[in-house]
Amino acid sequence: MPSVTFVLPDGSKKSYEAAEGETLLNLAHRSDPDLLEGACEGSLACSTCHVIVDPEFYDAVETHNPISDEENDMLDLAFGLTETSRLGCQIKITKDIDGLCVTIPRAYSGFWYFSACKVKNLLAETILYINDEKFDISHDFSGLPSNLIFRVTNPKFSNEQLTISSDALLIKNRLFDKSVYIYIPSNEVNIVVHGDEKKNIKCHTNDSSHFVVRLNDLPSSLRFNRNSTVIDYIDTLRYEDYGLKCDVSENQQSVITEVNDKSNYIQFHLDKEPSGNTKLGFDFYTYRYKNTASPESYLSIDTKFDYEFVNHISASRVNFNIEKFLIQSNNFSLAADGGVQNYNLVTSSFKDKINVAISNYKELISFMIGDSKTSDAFEKLMSSLSEKTTDDSVQFSIKYDDDVGSSFIGKLSITDFMNQLSKITQLTKDESSS
């Protein structure tokens, strides 16, 4: 029977006799279960059975066990890779390599490399599913076991409405962390909006701006399933903005965000309960200012939206809360607070109310619409719904009246408000055509 000698990381040696045709991994597990790891059980899905073949035997091993592209791919994930590295599960022991000597390299537990490999495969499958196109994904496992870093080169995500692309994405994950952090190293994103009027938008981000994807489980524990939905994998999607500028090439418009000590953010919560109920939450927070002496006097928005679909009674519940909504300029201000609770999509009924206050509302309308007949009509609409008018300011609330069985915007019912708004819309079309 052919013999094999294993050189352990501490320099000690163990020799065993192998059955003809038995793999190196099987021999190790049969002789000493702790001798050599094999997390994927020889299915060529990890690099935990990495060994270094003694140069004297390497050519003979290669002759009788030619290395495949799949094995090379897995070896790329191995720690301490050498020119004579092989995977134990791919070496069949025969009398032609009797006396084979292999070294088990000193490394972090192969479990972490197996986990890292699973994360990389999950990432590749997810990108392929989203875009039906493969991208080059490289990795940096030098931080194992505490950090994983993947680099996706020239990512592009496209559908009928738009195409989003960049030079690269950096995707990071930490030990025992269900969250994945996505950065754009070049700080540049290109967006092409398709349609009758094609638009090219170039966005410049900040080094600290990033996406956070919080998963329902550790990335290494998830298995990709094309029949599953986003809500089966993701708990929270969040974009943290530390400064952003987007330029629209066609009309030279720019959208610019600024931050103070903390970031602006947009956040989605997804929840699928065991009962089958589905919940969606949306948070939006931004805090911008031009004058550092009075940062509160420019813009501050903090809103939260919750939607719950209850399958077993075919109903929905919607909540919308405004913690703070303030837009203030030298000419006008718009402030709101309050919330809509338990909104019923069938009856349009809800509890609580949203309070709105607009100072110099004529200036706001002029800013939004300009001077025209439409602007005059809008002023009359605002004046007619106002519950409290002082000088050039209006105050009103959005509420539901149980006695009447109807929703109101100030003094106007929703029906009356929409009818007047339709007339203004038609007036706008008429002015545009003339």
Here the pair of heavy atoms bringing N173 nearest to S179 is ND2-O, 3.0 Å
Under the criterion side-chain hydrogen bond (donor to acceptor under 3.5 Å, both in side chains), I'd like the reasoning laid out for Q341 against N321: C-alpha separation, chi angles, the key distance, then a yes or no.
CA-CA 8 Å; Q341 311 301 324; N321 293 287; 2.6 Å; yes
Residues at least two apart in sequence or cross-chain that pass salt bridge (Lys or Arg N to Asp or Glu O under 4.0 Å) with K156, listed by chain then number, are none
Value for CD1 (I171) from CG (L169), rounded to nearest 0.5 Å, stands at 5.5 Å
Side chain of T425, backbone of L421: donor and acceptor closer than 3.5 Å? yes
inquiry  = Determine whether a donor-acceptor pair (N or O, by modelled atom type, separation under 3.5 Å) exists between the side chain of S85 and the backbone of T82.
reply    = yes
Under 2.5 Å between the sulfurs of C203 and C246, yes or no?
yes
Between S47 (side chain) and H50 (backbone), is there a donor-acceptor pair under 3.5 Å? no
Checklist entry - Quick one: does S359's side chain have a donor or acceptor within less than 3.5 Å of a partner on S333's backbone? => result yes
> Are the side chain of N65 and the backbone of K92 linked by a donor-acceptor contact shorter than 3.5 Å?
Replying inline: yes
| Under 4.5 Å between any side-chain heavy atoms of I93 and V4, yes or no? | yes
Is the backbone of Y242 close enough, under 3.5 Å, to the side chain of S209 for a donor and an acceptor to pair up by distance? yes
Between E56 and Y58, is there a side-chain donor-acceptor contact under 3.5 Å, judged purely by atom types and distance? no
The ring-ring contact (aromatic ring centres under 6.0 Å, His included) partner of F282 among Y265, F268, F305 is F268
Test your reading of the model: is there a side-chain donor-acceptor pair from N159 to the backbone of L162, 3.5 Å cut-off?
yes
**Asked** Any side-chain donor-acceptor pair under 3.5 Å between N264 and D241?
**Response** yes
Output for pair (E188 CD, S166 OG), nearest 0.5 Å, gives 7.5 Å
For this session: List the steps, then state whether side-chain contact (heavy atoms from CB on, under 4.5 Å) holds for V213 with L237.
Result: CA-CA 5 Å; V213 182; L237 287 170; 3.9 Å; yes
L87 and E71 have their tightest heavy-atom pair at N-OE2, 2.9 Å
What orientation do Y239 and F211 show, parallel under 30°, tilted 30 to 60°, or perpendicular over 60°?
tilted
Output for pair (I354 CD1, I398 CD1), nearest 0.5 Å, gives 5.0 Å
Rounded to the nearest 0.5 Å, the CG atom of D59 sits from the NE2 atom of H64 at a distance of 10.5 Å
Review point. Are K14 and D32 close enough for a salt bridge, meaning some N to O gap below 4.0 Å?
Key: yes
Evaluate the side-chain proximity of F325 to L334: yes if any heavy-atom separation is below 4.5 Å, no if none is.
-> yes
Is there side-chain contact between E323 and I301, with at least one heavy-atom pair below 4.5 Å?
-> no
| query | Do S397 and N355 have side-chain atoms, one donor and one acceptor, less than 3.5 Å apart? | reply | no
From CA spacing to verdict: side-chain contact (heavy atoms from CB on, under 4.5 Å), I414, F408: CA-CA 5 Å; I414 291 291; F408 285 80; over 6 Å; no
*Would you confirm whether the ring centroid of F367 sits within less than 6.0 angstrom of the ring centroid of F332?*
yes
Begin with the C-alpha distance, continue with both residues' side-chain angles, and end with the deciding distance and a verdict on side-chain hydrogen bond (donor to acceptor under 3.5 Å, both in side chains) for H269 and D306. CA-CA 9 Å; H269 303 279; D306 292 308; over 6 Å; no
- Task: Indicate yes or no for a side-chain donor-acceptor contact from D401 to the backbone of S406 under 3.5 Å, with no hydrogens or angles considered.
- Result: no
- Message: Tell me if a side-chain donor or acceptor on S407 pairs with a main-chain N or O of S348 at a distance below 3.5 Å.
- Response: yes
Is the shortest side-chain heavy-atom distance between K199 and I191 below 4.5 Å? no
Smallest heavy-atom separation, K399 atom then F350 atom, equals C-CZ, 3.4 Å
Determine yes or no for a side-chain-to-main-chain donor-acceptor pair under 3.5 angstrom, with N344 supplying the side chain and T347 the backbone. yes
Contacts of T63 meeting side chain to side chain contact (heavy atoms under 4.5 Å, CB included) (sequence neighbours excluded), chain-then-number -> none
Give a yes or no on whether E20 atom CD has more than 12 heavy-atom contacts from other residues, nucleotides or ligands under 6.0 Å away.
yes
| query | Does NZ or CZ of K172 come closer than 6.0 Å to the centre of the six-membered ring of Y183, within 45° of the ring's axis? | reply | yes
Using a 4.5 Å cut-off on heavy atoms from C-beta on, say whether the side chain of I67 contacts that of L75.
yes
Here the gap from E62 atom CD to F57 atom CZ, rounded to the nearest 0.5 Å, amounts to 16.0 Å
Of all heavy-atom pairs linking A168 and R151, the shortest is CB-NH2, 3.6 Å
| query | Could you walk me through whether D10 and L8 pass the side-chain contact (heavy atoms from CB on, under 4.5 Å) check? | reply | CA-CA 5 Å; D10 62 3; L8 278 58; 3.5 Å; yes
P9 versus P105: any side-chain heavy-atom pair under 4.5 Å? no
Check whether any side-chain heavy atom of L35 lies under 4.5 Å from a side-chain heavy atom of F6, and answer yes or no. yes
* To do: Flag yes if more than 12 heavy atoms outside E41 fall under 6.0 Å of its CD atom; otherwise flag no.
  => no
Rounded to the nearest 0.5 Å, the CG atom of L27 sits from the OH atom of Y16 at a distance of 8.0 Å
R30 bridged to E22 by N-O distance under 4.0 Å: yes
After noting the C-alpha distance and the side-chain angles of I127 and I137, does the key distance pass the side-chain contact (heavy atoms from CB on, under 4.5 Å) rule?
CA-CA 10 Å; I127 292 176; I137 303 175; 4.2 Å; yes
inquiry  = Pair N187, T205 - check side-chain hydrogen bond (donor to acceptor under 3.5 Å, both in side chains), show working.
reply    = CA-CA 5 Å; N187 291 332; T205 67; 3.2 Å; yes
Heavy-atom closest pair (H139 atom, D76 atom, distance to 0.1 Å) is NE2-O, 3.3 Å
Worksheet item: Could you walk me through whether N200 and N190 pass the side-chain hydrogen bond (donor to acceptor under 3.5 Å, both in side chains) check?
Response: CA-CA 7 Å; N200 294 287; N190 298 303; over 6 Å; no
M1 and D98 have their tightest heavy-atom pair at O-OD1, 4.3 Å
| query | Considering only heavy atoms from C-beta outward, does the side chain of R214 approach that of I234 to under 4.5 Å? | reply | no
